[in-house]
Engineer: 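Pasting in a structure now, in structure tokens, and then I'll have a few things to ask.
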Amino acid sequence: MDKLIPDASAIIANGKIDESLLKTLLLRLENMRSGTGTPAEALDLLRAQQELQKAYADSVNQTREFWKSMAQMILINLLLPTLTGLLGYVFASKANDKA
């Protein structure tokens, strides 16, 4: 039982969730939940579940931050210069037509 928390922490090594370890840990948690145990085992189960929930939330936040930074990079580095160039061309060509 005391290995649940280190095992749950090992799942999120380097910010990525290891799917094989996650499945085995979830099976262990399900087996513990169905059986009757001591209060210490129940507390261990709750801590492991909290670690898994925290790992999942961190993974979701990292994914969201990645896509947010990608969108910002595309907008700033690609679309903004293109729009600026097009507007410069349009206004420069109108100035030449009037002259």
Side-chain angles (χ1 to χ4, degrees):
M1 297 295 170
D2 52 71
K3 283 192 64 181
L4 280 175
I5 293 176
D7 288 348
S9 298
I11 289 175
I12 53 169
N14 298 329
K16 295 186 180 181
I17 295 177
D18 185 359
E19 295 292 328
S20 62
L21 291 175
L22 180 64
K23 288 179 183 178
T24 58
L25 188 63
L26 287 175
L27 286 174
R28 285 172 56 196
L29 289 172
E30 284 298 320
N31 289 338
M32 286 175 60
R33 182 182 293 174
S34 62
T36 57
T38 65
E41 291 173 342
L43 183 61
D44 218 16
L45 175 65
L46 286 174
R47 285 183 182 146
Q49 287 175 337
Q50 286 175 343
E51 284 287 324
L52 286 174
Q53 288 174 346
K54 182 181 177 212
Y56 178 73
D58 289 344
S59 175
V60 168
N61 287 337
Q62 287 175 354
T63 302
R64 185 180 303 125
E65 285 298 317
F66 170 77
W67 286 111
K68 179 182 169 188
S69 67
M70 288 308 249
Q72 286 176 344
M73 224 181 342
I74 289 171
L75 285 172
I76 291 172
N77 294 332
L78 179 68
L79 296 179
L80 188 61
T82 303
L83 180 64
T84 304
L86 285 172
L87 289 174
Y89 174 77
V90 167
F91 287 119
S93 65
K94 284 185 178 182
N96 287 338
D97 289 343
K98 290 182 181 179

Engineer: In Å and rounded to the nearest 0.5 Å, what is the CD to CD distance from Glu65 to Gln72?
Structural biologist: 8.5 Å
Engineer: What are the two closest heavy atoms between Ile76 and Leu80, and how far apart are they?
Structural biologist: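 Answer, listing the atom of Ile76 first, then Leu80: O-CB, 3.8 Å.
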Engineer: Output the distance between atom CG (Leu46) and atom CD (Gln53), rounded to the nearest 0.5 Å.
Structural biologist: 9.5 Å
Engineer: Within this structure, what is the CG-CG distance for the pair Leu78 and Leu83, rounded to the nearest 0.5 Å?
Structural biologist: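 Between Leu78 CG and Leu83 CG, I get 11.0 Å after rounding to 0.5 Å.
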Engineer: Test your reading of the model: is there a side-chain donor-acceptor pair from Thr63 to the backbone of Ser59, 3.5 Å cut-off?
Structural biologist: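 Yes.
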Engineer: Would a single hydrophobic cluster contain both Val60 and Phe66, if residues Ile, Leu, Val, Met, Phe, Trp and Tyr are joined by side-chain heavy-atom contacts under 4.5 Å?
Structural biologist: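 Looking at the clustering, Val60 is in a separate group from Phe66.
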